[in-house]
Every structure is written in C-alpha cells, then in structure tokens.
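In what follows, a structure is listed as structure tokens, so that the remarks can point back to it.
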Amino acid sequence: MRYTSPPNQQSYYEQVWQLVRQVPYGKVVTYGQIAQLLPPPIDVELAAYKALSPRWVGDAMAACPKDVPWQRVINAQGQISERSGAQRQRQLLEEEGIIFVKDKVDLKQYQWQGPGHADEPRQATLF
DNA sequence: CGCTTGACCGGAA
DNA sequence: ATTCCGGCCAAGC
C-alpha cells in the first residue's frame with residue numbers, strides 16, 4: 001500500500017477536524033469529500049492532492065480529538081471502513097437514525113452537502 | 001537503525 | 001459486479 005502525508009500534517013489534521021465538527025447529526029460525509037472541501041496545501045500538486053488526500057483525512061480521523069463526531073465519516077462506497085471499532089461506528093450512526101442496507105448507507109439520502117448548504121431532505125420523487 | 005502497518009479513491013482491466 | 005493499481009509517508013515497535 002502506498003502512503004504520503006501532507007506537508008504540515010498537524011495543520012491539515014486540524015482543518016479536517018474543524019470541518020467534521022460541522023457535520024450535522026444524522027448526516028455523513030466521505031473521506032474524499034472532506035479532502036475536496038479543503039484547500040490543497042501549498043507545494044502539493046493538484047493531481048497528487050486528489051490522489052492522496054482522502055487517506056490524509058483517514059489518518060486525521062485515526063487521531064481525532066474527542067469533540068469530533070468521527071462516526072459521521074465513512075468511505076465513498078457508503079460503507080464503514082474496515083477496522084476495529086467499525087461496529088461501534090455503525091451503532092452510533094444507527095442511533096442517529098441512519099439505516100444500513102447490506103452494510104451500506106444511501107449517500108444520496110444521508111450525505112452532508114457541505115458548509116453553507118441547506119441540508120433539507122430533498123423531495124426526490126415527484127411525479 | 002530497519003521493518004510493519006495503516007479510518008482512501010477513481011479509473012482501468 | 002469485482003479486482004487491481006498508483007499515489008511514493010511517518011509513527012511505533
């Protein structure tokens with residue numbers, strides 16, 4: 001497996017945590033989504049950033065402070081990333097009203113749209 | 001000092 | 001649908 005780290009790891013991690021703190025109850029975000037919402041650090045090529053940043057976010061979550069709703073961060077497949085503690089994460093999300101189907105959540109329904117964006121449940125089907 | 005081991009993702013095969 | 005690959009680091013034994 002390949003790895004990298006952001007130039008200023010501590011600073012990057014704090015930006016990640018700050019963003020995750022804004023995720024509302026009952027919503028989820030993906031690692032890649034958080035990475036996308038953050039500005040690429042200077043000295044990091046855009047292509048490299050796109051390829052590596054989701055894992056930086058994962059690294060940040062592995063070290064996140066207690067006041068961060070870490071359970072609301074899942075992977076781009078709508079699943080909880082494999083590790084010890086995954087079961088606890090699922091439990092917390094289910095307590096927030098999130099439904100799992102075949103170990104996956106419906107991102108269309110639960111994914112947070114980002115800061116400054118109203119997160120009303122969209123009326124999808126209307127015919 | 002030298003391994004080993006990671007909360008990822010999108011595109012290609 | 002499923003598997004494979006590139007990206008090319010750093011903290012903990």
Side-chain angles (χ1 to χ4, degrees):
Chain A
M1 211 175 247
R2 269 73 186 182
Y3 251 81
T4 62
S5 285
N8 186 338
Q9 195 177 73
Q10 188 59 37
S11 168
Y12 190 80
Y13 284 8
E14 280 168 10
Q15 291 180 72
V16 171
W17 301 329
Q18 190 53 50
L19 200 44
V20 175
R21 279 190 270 256
Q22 298 176 52
V23 181
Y25 180 96
K27 289 287 179 181
V28 297
V29 285
T30 68
Y31 300 94
Q33 183 187 357
I34 292 172
Q36 211 170 353
L37 289 169
L38 255 27
I42 355 180
D43 297 338
V44 176
E45 297 288 336
L46 184 58
Y49 184 74
K50 282 169 60 180
L52 304 170
S53 56
R55 288 209 316 222
W56 298 349
V57 174
D59 289 343
M61 295 317 294
C64 82
K66 291 190 294 289
D67 68 315
V68 174
W70 57 273
Q71 73 274 19
R72 312 218 255 249
V73 185
I74 63 179
N75 66 35
Q77 287 77 57
Q79 298 175 284
I80 291 173
S81 294
E82 188 68 31
R83 66 185 189 284
S84 60
Q87 198 169 359
R88 171 68 178 153
Q89 182 172 9
R90 174 168 177 158
Q91 182 191 352
L92 288 169
L93 290 178
E94 288 179 328
E95 285 172 5
E96 296 190 9
I98 292 174
I99 306 299
F100 283 77
V101 179
K102 289 182 186 285
D103 294 328
K104 294 198 302 186
V105 307
D106 181 5
L107 288 178
K108 290 208 181 345
Q109 182 178 359
Y110 298 116
Q111 187 169 33
W112 181 48
Q113 296 302 306
H117 188 292
D119 56 278
E120 295 302 312
R122 59 170 302 140
Q123 303 207 325
T125 49
L126 28 87
F127 42 108

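Residue numbers begin at 1 in each chain, while the letters A, B, ... track the order of the sequences.
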Point to revise | Length of the CD-C1' vector between A:Q33 and B:dA7, whole Å | key: 15 Å
Practice item. Would you mind telling me which of A:L107, A:I98, A:V29 makes a side-chain contact (heavy atoms from CB on, under 4.5 Å) with A:I74? Key: A:L107
**Study point:** Shortest side-chain distance from A:A51, nucleotide among B:dA7, C:dG7, C:dA10
**Key:** C:dG7
Practice item. Round to a whole Å and report the spacing from CD of A:Q10 to P of C:dA11. Key: 10 Å
Review point. Nearest-Å distance, CD (A:Q79) to P (C:dA1)?
Key: 11 Å
Point to revise | A:Q91 versus A:Q87, side-chain donor and acceptor atoms under 3.5 Å | key: no
Check your understanding: Residues from residues 81-89 of chain A sitting under 4.0 Å of DNA chain B, heavy atoms only?
Key -> A:S81, A:R83
Check your understanding: Nearest of B:dA7, C:dC8, C:dA11 to any side-chain atom of A:Q9?
Key -> C:dA11
Practice item. With A:Q18 as reference, evaluate A:E14, A:Q15, A:R21 under the side-chain contact (heavy atoms from CB on, under 4.5 Å) test and give the passing residue. Key: A:R21
Check your understanding: Side chains of A:P41 and A:N8: does their closest heavy-atom pair fall under 4.5 Å?
Key -> no
**Study point:** Residue of the set A:E82, A:R83, A:Q77 for which side-chain contact (heavy atoms from CB on, under 4.5 Å) holds with A:I80
**Key:** A:R83
Check your understanding: When clusters are formed by joining ILVMFWY residues with side-chain heavy atoms under 4.5 Å apart, either directly or through shared neighbours, do A:W56 and A:V20 land in the same one?
Key -> yes
Exercise for review: Using atom CD of A:Q36 as one end and atom P of B:dC8 as the other, report the distance to the nearest whole Å.
Suggested key: 17 Å
Check your understanding: Taking NZ from A:K50 and P from B:dG10, how many angstroms apart are they, rounded to a whole number?
Key -> 10 Å
Study note, to complete from the structure: In whole angstroms, the gap separating P of B:dG10 from OH of A:Y31 amounts to 14 Å
Exercise for review: Quote, to the nearest angstrom, the P distance that separates B:dA7 from C:dC13.
Suggested key: 14 Å
Exercise for review: Applying salt bridge (charged side-chain N to carboxylate O under 4.0 Å, His left out) between A:E96 and each of A:R90, A:R72, A:K27, report the one that passes.
Suggested key: A:R72
Practice item. In whole angstrom, give me the gap between the C1' atoms of C:dC8 and B:dT5. Key: 15 Å
Practice item. Could you give the distance separating C:dA11 and B:dC1 at their P atoms, to the nearest angstrom? Key: 15 Å
Practice item. Whole angstrom is fine here: how far is it from CG in A:L46 over to C1' in B:dG10? Key: 14 Å
Point to revise | Closest nucleotide among B:dC9, C:dC9, B:dA7 to the A:A62 side chain | key: B:dA7
Revision key, fill the gap. Winner on side-chain proximity to A:L52, out of C:dC9, C:dA11, C:dG7, is C:dG7
Study note, to complete from the structure: To the nearest angstrom, the CH2-P distance between A:W56 and C:dA11 comes to 15 Å
